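Quick caveat, the model's predicted, so the values are computed rather than measured. Chain A is the first sequence line, chain B the second, and so forth, proteins listed ahead of strands; every chain is numbered from 1.
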Number of protein chains: 2
Amino acid sequence: MKSLNLTTQRQAVYDIVRNSHDHPTAADVMNRLVEKGYNFAYGTVYNSLRYLTEKELIRELKLGESASRYDAKLDDHQHIICEVCGRVDEVMSEIPKEWSGAVAKETGYDVHHAHVVFGGVCSECQTKRTK
Amino acid sequence: MKSLNLTTQRQAVYDIVRNSHDHPTAADVMNRLVEKGYNFAYGTVYNSLRYLTEKELIRELKLGESASRYDAKLDDHQHIICEVCGRVDEVMSEIPKEWSGAVAKETGYDVHHAHVVFGGVCSECQTKRTK
DNA sequence: TTTGAATTTAGAATAAGTATAAATCTTATT
DNA sequence: AATAAGATTTATACTTATTCTAAATTCAAA
């Protein structure tokens with residue numbers, strides 16, 4: 001059921017995602033693979049990312065940008081994007097349960113999950129701005 | 001500053017978005033224009049949607065699907081997608097202020113807004129399933 | 001050791017959206 | 001009314017992110 005087949009390419013892709021802390025896109029992963037001396041086909045990188053996502057070793061993040069990002073952090077968490085520099089940080093603070101309850105009541109949906117993308121200005125950009 | 005120049009095509013696009021309640025994509029809008037007898041260039045539809053978005057007559061929704069959707073409802077609200085049938089409904093229940101506060105504290109960001117996409121099963125699909 | 005399944009590769013194909021340059025429409029000015 | 005300036009539309013080419021395809025390669029099992 002959950003048998004893992006980690007080929008060389010999948011392992012290499014996984015290592016990159018696992019050791020990156022900036023939520024890389026497929027193109028980022030591709031570049032870092034090349035830096036490490038690998039030369040996989042583009043399709044293989046996408047396949048690996050999909051495979052790893054299906055096996056729940058990584059998560060695909062759709063943050064409203066044009067390209068998906070990937071994240072090896074699996075515990076439930078949200079993200080925040082800096083409107084100035086574009087960096088993406090993690091938000092561990094959990095969505096209040098009363099809120100999901102209110103949403104279920106309002107919509108009649110059976111609510112399974114919520115993807116939240118906060119927007120704002122990161123502390124670095126805040127200090128740069130006030131210069 | 002906020003002068004409006006609603007050409008025939010922009011007006012037609014706006015009318016479609018305003019009178020649709022299913023959050024249409026650009027392609028949906030295109031189809032509905034054709035149904036109404038219009039034959040605008042594809043680029044014009046995209047330009048109009050962008051124009052109307054900039055003028056804040058409509059909103060662009062990026063819900064993690066491949067295509068953006070558009071919405072003429074301007075008051076602040078979120079969305080919920082049915083995982084079974086794909087329909088998108090509105091969520092008016094507001095994000096709790098204490099939560100944004102907690103996120104600001106946690107991340108050091110100046111938090112401006114949050115886009116929330118809930119996922120679940122709509123009431124129709126719930127009843128269908130239990131059949 | 002052949003046979004079949006899974007994976008990788010290279011490259012074509014697709015989908016959504018943007019850019020461009022020419023044509024057309026508007027508007028203000030003479 | 002004539003014209004110039006500016007905005008908009010059109011048709012089409014292009015870009016970007018991603019998926020698909022078919023052949024080649026690798027892996028696994030009998």
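- Nucleic acid contact for F40(B): sugar-phosphate only, since backbone atoms but no base atoms lie under 4.0 Å from a heavy atom of the residue.
- The nearest whole Å value for the distance from the CD atom in E65(A) to the C1' atom in dT18(C) is 18 Å.
- If you look at H79(A) and H77(A), their ring centroids are closer than 6.0 Å.
- The shortest distance between the side-chain N/O atoms of S66(A) and the OP1/OP2 oxygens of dT16(D) is not below 4.0 Å.
- Distance L49(A) CG to dT8(C) P: 12 Å, rounded to the nearest Å.
- Remark: Y51(A) engages no residue in a ring pair (Phe, Tyr, Trp, His ring centres under 6.0 Å) (not counting sequence neighbours).
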Let me see the working for H112(A) and E83(B) under side-chain hydrogen bond (donor to acceptor under 3.5 Å, both in side chains), right down to the final yes or no.
CA-CA 9 Å; H112(A) 291 177; E83(B) 283 158 8; 2.9 Å; yes

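- Put simply, CZ on R50(B) is 7 Å from C1' on dT18(C), counting in whole angstrom units.
- Both E60(A) and Y51(B) sit near DNA chain D, but only Y51(B) has its closest nucleotide nearer the 5' end.
- Atom CG of L6(A) and atom P of dT7(C) are 11 Å apart (whole Å).
- Side chain of R10(B), nearest nucleotide from dT18(D), dT9(D), dT7(C): dT9(D).
- Taking atom CG on N5(B) and atom P on dT9(D), their separation rounds to 8 Å, with Å as the unit.
- Residue N47(B) has no polar side-chain atom (N or O) positioned under 4.0 Å from OP1 or OP2 of dT9(D).
- Phosphate contact (OP1/OP2 of dC27(D), side-chain N/O of T7(A), threshold under 4.0 Å): absent.
- Closest to the side chain of A41(A), out of dT9(C), dT18(D), dA16(C), is dT9(C).
- One N or O on the side chain of Q126(B) and one on the backbone of G108(A) form a donor-acceptor pair closer than 3.5 Å.
- As a whole-Å value, the separation of R69(B) CZ from dG17(C) P is 12 Å.
- At distances below 3.5 Å, not a single donor-acceptor pair connects side-chain atoms of R18(B) with backbone N or O atoms of I58(B).
- Residue contacts for T25(B): at a heavy-atom cut-off of 4.0 Å it reaches no nucleic acid atom on any strand shown.
- Within the 4.0 Å cut-off from OP1 or OP2 of dT18(D), at least one side-chain nitrogen or oxygen of Y46(A) is found.
- Rounding to whole angstrom units, OH of residue Y38(B) and P of dT9(D) are separated by 13 Å.
- One atom, CD of Q9(A), and another, P of dA6(C), lie 17 Å apart when rounded to the nearest Å.
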